[in-house]
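Accompanying notes for the structure given below.
Labels below follow one simple rule: chain letters A, B, ... track the order of the sequence lines, proteins then strands, and each chain is numbered from 1.
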There are 2 protein chains.
Amino acid sequence: MKRSGRRPGNQDTRSSILDSARRTFAEKGYDKASIRAIAAGAGVDPALVHHYFGTKEQLFLAAMNAPINPAEMIPRALAGPRDQAGIRLVRLVLSVWDSPAGAAALAMFRSALSNEWTARLLREFVITQILRRAVADLVLEPAEAPLRSTLVATQIAGLMVARYVLKLEPLAGADAEVLVAAIGPNVQRFLDDPMPEVFKAGS
Amino acid sequence: MKRSGRRPGNQDTRSSILDSARRTFAEKGYDKASIRAIAAGAGVDPALVHHYFGTKEQLFLAAMNAPINPAEMIPRALAGPRDQAGIRLVRLVLSVWDSPAGAAALAMFRSALSNEWTARLLREFVITQILRRAVADLVLEPAEAPLRSTLVATQIAGLMVARYVLKLEPLAGADAEVLVAAIGPNVQRFLDDPMPEVFKAGS
DNA sequence: CGGTGAAATCATCACGTGATGAATTACCAG
DNA sequence: CTGGTAATTCATCACGTGATGATTTCACCG
């Protein structure tokens, strides 16, 4: 009367595990997303998750690898008049995160806020791939690029926290273009506005 | 050969537990801050923590109650010329969080990013005590106050995330006044700048 | 028809968590 | 000196976690 063993049909369980992993990581973060919950979300035994992807870290990396590919969308933010880069940046961020494909990005972000090694992961990813590779190009004075790009990151991260994590109303339910129009110019000013003369005081 | 029972000396263990709780909550967040770790930080048995404060939630609330009292510092942000409120607000935030007393606030913030009920806690606290009670007064047009104040919250939250949670350099190590000068004006613009005409598109 | 390897499940293990109740000790009033 | 009460510790419990190894079943190929 045992019914172990292989189940008929489904040969796409591997990718359905990945889907469930992205969804679960997105709404719970890395720590609180249990392998059991991910397995249940895919209608599958927890051990099977380990069978396909080894450890939990590897599953997380596998879930993040495919959908996060900024190399394709960075040019889209750079193209166009330079004095509207801030607006384009905010619009790009919102369009990515509001789309279903943004679940993976949201997963990584939420995880980075509560877990140490995912935070390191995101930090290095954001710094090397986004800030230094894209935002820094928008800054005229190279010496100011590091601080200016982290200031931009400040506004973008705050938007994501308020809208997607804390869900502060009415901002969380606001139309994307309203936010683009309201926040974009401020991002632009982080890129352009003259820096205070206190600039040399670094660390 | 048992050495249970009461220890000599120390009658201030209760407050030392609270101290350890604030420190631990601040650097780990609500979930990852184990009662065992808090007890160890105070050099005390875990059961004693339950003895003084009942459940973990009650301990968290007790640890947050005392040091978070915005009623005293809100007037400080409101006083002064209205067109520099943004600068004063950023300066106030940084001064609070950079001080050792800011550990409790940091605890609440980090916890709100990873835990559901602490998020609700902070959300309602921030909305009712900070935004509606202070920031909203700075907005000229009352109808715009809700959105404008959450926009301000966006920038403030992003500053805290980047500086204290993700620790993005060079922003994390930057001098406070540099950030005040760079970010304050943008906060001010969230209060003053004309809103886009797309405004009616709410939820 | 058979058999080989992958897919899937079951039954655990070791561990850390929050929490509880009993036992032990120190302090203080009488 | 003697109770009694509060402070502190010990020994657990029940639970959820990530992970492993054995075992069973299916699919496919010859």
Side-chain angles (χ1 to χ4, degrees), chain A residues 1-22 24-25 27-64 107 110-111 114-118, chain B residues 1-22 24-25 27-64 107 110-111 114-118:
Chain A
M1 245 330 232
K2 295 189 176 180
R3 28 192 172 116
S4 321
R6 186 171 188 167
R7 282 257 186 90
N10 317 330
Q11 23 85 347
D12 56 341
T13 69
R14 182 191 163 102
S15 58
S16 94
I17 290 180
L18 274 184
D19 277 2
S20 172
R22 290 197 197 93
T24 314
F25 279 135
E27 65 173 330
K28 311 258 191 179
Y30 180 82
D31 296 289
K32 308 194 79 176
S34 69
I35 287 204
R36 285 166 159 85
I38 293 175
V44 140
D45 191 277
L48 193 58
V49 177
H50 283 111
H51 176 287
Y52 278 122
F53 323 87
T55 164
K56 190 183 181 182
E57 294 194 2
Q58 293 170 341
L59 170 62
F60 183 80
L61 293 178
M64 295 302 113
R110 289 205 66 147
S111 301
S114 59
N115 184 275
E116 259 311 314
W117 79 268
T118 50
Chain B
M1 249 324 237
K2 296 189 176 182
R3 29 193 169 114
S4 317
R6 188 170 185 165
R7 283 248 192 95
N10 319 330
Q11 25 83 345
D12 57 341
T13 70
R14 182 189 162 102
S15 58
S16 94
I17 289 181
L18 274 184
D19 277 2
S20 172
R22 290 197 198 92
T24 314
F25 279 135
E27 63 173 332
K28 311 253 190 182
Y30 180 81
D31 297 289
K32 308 194 76 174
S34 69
I35 288 205
R36 286 166 159 86
I38 293 176
V44 140
D45 190 277
L48 193 59
V49 177
H50 282 113
H51 178 296
Y52 279 123
F53 323 87
T55 165
K56 191 184 180 182
E57 294 194 3
Q58 293 170 340
L59 170 62
F60 183 80
L61 293 178
M64 296 302 114
R110 289 205 64 148
S111 301
S114 57
N115 185 275
E116 260 310 314
W117 79 267
T118 50

Could you write out each protein N or O paired with an N or O of nucleotides 17-19 of chain C at a distance under 3.5 Å?
{"from": "C:dT17", "atom 1": "OP1", "to": "B:Ser34", "atom 2": "OG", "distance (Å)": "3.4"}
{"from": "C:dG18", "atom 1": "OP1", "to": "B:Ile35", "atom 2": "N", "distance (Å)": "3.4"}
{"from": "C:dG18", "atom 1": "OP1", "to": "B:Lys56", "atom 2": "NZ", "distance (Å)": "2.9"}
{"from": "C:dG18", "atom 1": "OP2", "to": "B:Ile35", "atom 2": "N", "distance (Å)": "2.9"}
{"from": "C:dG18", "atom 1": "N7", "to": "B:Arg36", "atom 2": "NH1", "distance (Å)": "2.7"}
{"from": "C:dG18", "atom 1": "O6", "to": "B:Arg36", "atom 2": "NH2", "distance (Å)": "3.4"}
{"from": "C:dA19", "atom 1": "OP1", "to": "B:Thr55", "atom 2": "OG1", "distance (Å)": "2.6"}
{"from": "C:dA19", "atom 1": "OP2", "to": "B:His50", "atom 2": "NE2", "distance (Å)": "2.9"}
{"from": "C:dA19", "atom 1": "OP2", "to": "B:Lys56", "atom 2": "N", "distance (Å)": "3.1"}

Can you list the residues that meet the side chain to side chain contact (heavy atoms under 4.5 Å, CB included) rule with B:Ala42, with sequence neighbours excluded? B:Ser16, B:Ile17, B:Ser20, B:Val44

Angle between the end axes of the helix from C:dC1-D:dG30 to C:dG30-D:dC1, five pairs per end, to the nearest 10 degrees? 10°

Between P on C:dC10 and NE2 on A:His51, what's the gap in Å once rounded to a whole number? 15 Å

Measuring from A:Thr13:OG1 to A:Tyr52:OH, what's the distance to the nearest 0.5 Å? 3.5 Å

Do you know which two heavy atoms are closest between A:Gly54 and A:His50, and how far apart they sit? O-CD2, 3.0 Å

Taking 4.0 Å as the cut-off, does a side-chain nitrogen or oxygen of A:Thr13 come that near to OP1 or OP2 on C:dA7? no

B:Val49 and B:Ala39: which non-hydrogen atoms are nearest, and at how many Å? CG2-CB, 3.9 Å

Between A:Asp45 (CG) and D:dT23 (P), how many Å, whole number? 17 Å

Go through D:dT8, D:dT20, D:dC10 for me and flag the one nearest to the B:Leu48 side chain. D:dT8

Is the shortest side-chain heavy-atom distance between A:Phe53 and A:Leu61 below 4.5 Å? no

Quick check against the 3.5 Å criterion: does A:Ser111 have a side-chain atom that pairs as donor or acceptor with the backbone of A:Thr118? no

Test of understanding: with side chain to side chain contact (heavy atoms under 4.5 Å, CB included), list the residues that count as partners of B:Ala33, not counting sequence neighbours. B:Thr24, B:Phe25, B:Lys28

Does B:Tyr52 make a side-chain N or O approach to OP1 or OP2 of D:dT8 shorter than 4.0 Å? yes

Any pair counted as side chain to side chain donor-acceptor pair (under 3.5 Å), so long as it reaches residues 30-43 of chain B, sequence neighbours left out: B:Asp31-B:Asn115

